[in-house]
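Just so you know, these numbers use all the heavy atoms, side chains as well, and skip hydrogens, waters and symmetry mates.
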Amino acid sequence: MRFNEKELVCLSRQPSEMAAELGMRGPKKGDVVKKRLVKLVVNFLFYFRTDEEEPIGALLLEQCRVEREDSQTFSIAFLDEAERKYLFECDSEQQCGEWIDCIIKASYEFMRKNLIFYRTEIHRLTGKDPLEQYGISDETRFQVSNGLQPKQRDTSSL
């Protein structure tokens, strides 16, 4: 995926949902744990050398799996490269849980699923589609995709 470097640097300076100095080990064989300032901004996880203002890297938190490795460590692996893991060491078990929770909730897919869930609930309770007023209720990205085929309409009486 391509990104504009200047835009990413600008995004990295935005207020973060979460930020802390964590131990971080990259996915390459032989990588060692290094202290990094880690910032979660929207669905990007930026990491910095602790004494620098520009990020040295960023992870787009889409199509990834976040797993607790032990009480104070979690990992991020991308679905298309599951063997490549980024490891993060926290100061406490509580901090580790908070990071995992925030990272999971940062993905577009998580937000989309929540929107679909709440849309369905509001429709069930009120009989109205809350997205209709915005003219986006028929957009594919807001539809439930559960693998079921849509029901065929009975056209024999038309």
(message) If I take atom CG from residue L87 and atom CD from residue E67, how far apart are they, to the nearest 0.5 angstrom?
(response) 11.0 Å
(request) Specify the closest pair of heavy atoms between S12 and K39, including all atoms of both residues, with the distance to one decimal. (result) O-NZ, 2.6 Å
(message) Minimum heavy-atom separation for S107 and N43, please, with both atom names.
(response) CA-CB, 4.5 Å
(request) Determine whether V32 and K34 make a side-chain contact, defined as any pair of heavy atoms from C-beta on separated by less than 4.5 Å. (result) yes
(request) Mind listing the closest non-hydrogen atom pair of D91 and E21 along with its distance? (result) OD2-O, 4.5 Å
(message) Taking the side chain as everything from C-beta on, heavy atoms only, tell me whether E5 gets closer than 4.5 Å to L8.
(response) no
(message) Looking at K85 and E69, is any side-chain nitrogen of the basic one under 4.0 Å from a carboxylate oxygen of the acidic one?
(response) yes
(message) For the backbone of V42 and the side chain of E17, can you confirm whether one donor and one acceptor N or O come within less than 3.5 Å of each other?
(response) yes
(message) For a quick test of reading the model, state the closest non-hydrogen atom pair linking C96 to S71 and the distance between them.
(response) CB-O, 3.7 Å
(request) Identify the heavy atoms of V41 and P15 that sit nearest to each other, and give their distance. (result) CG1-O, 4.1 Å
(message) Heavy-atom count check: over 12 atoms from other residues, nucleotides or ligands less than 6.0 Å from Y118 OH?
(response) no
(request) For the residue pair S92 and Q95, establish whether any side-chain heavy-atom pair is separated by less than 4.5 Å. (result) yes
(request) Measure the spacing between CG of N4 and CG of L11 and express it to the nearest 0.5 Å. (result) 11.5 Å
(message) Side-chain heavy atoms under 4.5 Å apart, restricted to Ile/Leu/Val/Met/Phe/Trp/Tyr: what other residues fall into the cluster of Y47, or is it alone?
(response) M18, L22, M24, V38, L40, L45, I56, L59, L61, V66, F74, I76, F78, Y86, F88, W99, I100, I103, I104, F110
(message) With rounding to the nearest 0.5 angstrom, report the CG to CG distance, L115 to L131.
(response) 5.5 Å
(request) Say whether, by atom type as modelled, one donor and one acceptor occur between the side chain of D101 and the main chain of E98 under 3.5 angstrom. (result) no
(request) State, with a plain yes or no, whether a side-chain heavy atom of E54 is found less than 4.5 Å away from one of F48. (result) no
(request) First locate atom CD of E121, then atom OG1 of T126, and finally report the distance between them rounded to the nearest 0.5 Å. (result) 10.5 Å
(request) Apply side chain to side chain contact (heavy atoms under 4.5 Å, CB included) to the pair D80 and Q63, showing each step before the final yes or no. (result) CA-CA 8 Å; D80 59 345; Q63 301 293 310; over 6 Å; no
(message) Quick one, R119 and R124 - any side-chain contact, counting heavy atoms below 4.5 Å?
(response) no
(request) Could you tell me whether E52 and R36 make a salt bridge, using a distance below 4.0 angstrom between a side-chain N and a carboxylate O? (result) no
(request) Return yes when atom CD of E53 has more than 12 non-hydrogen atoms of other residues, nucleotides or ligands closer than 6.0 Å, and no otherwise. (result) no
(request) Work out which heavy atom in D129 is nearest to a heavy atom in H123; give both atom names and the distance. (result) N-CD2, 3.5 Å
(message) Is there a side-chain contact between T73 and R68 in this structure, where contact means two heavy atoms from C-beta onward sitting under 4.5 Å apart?
(response) no
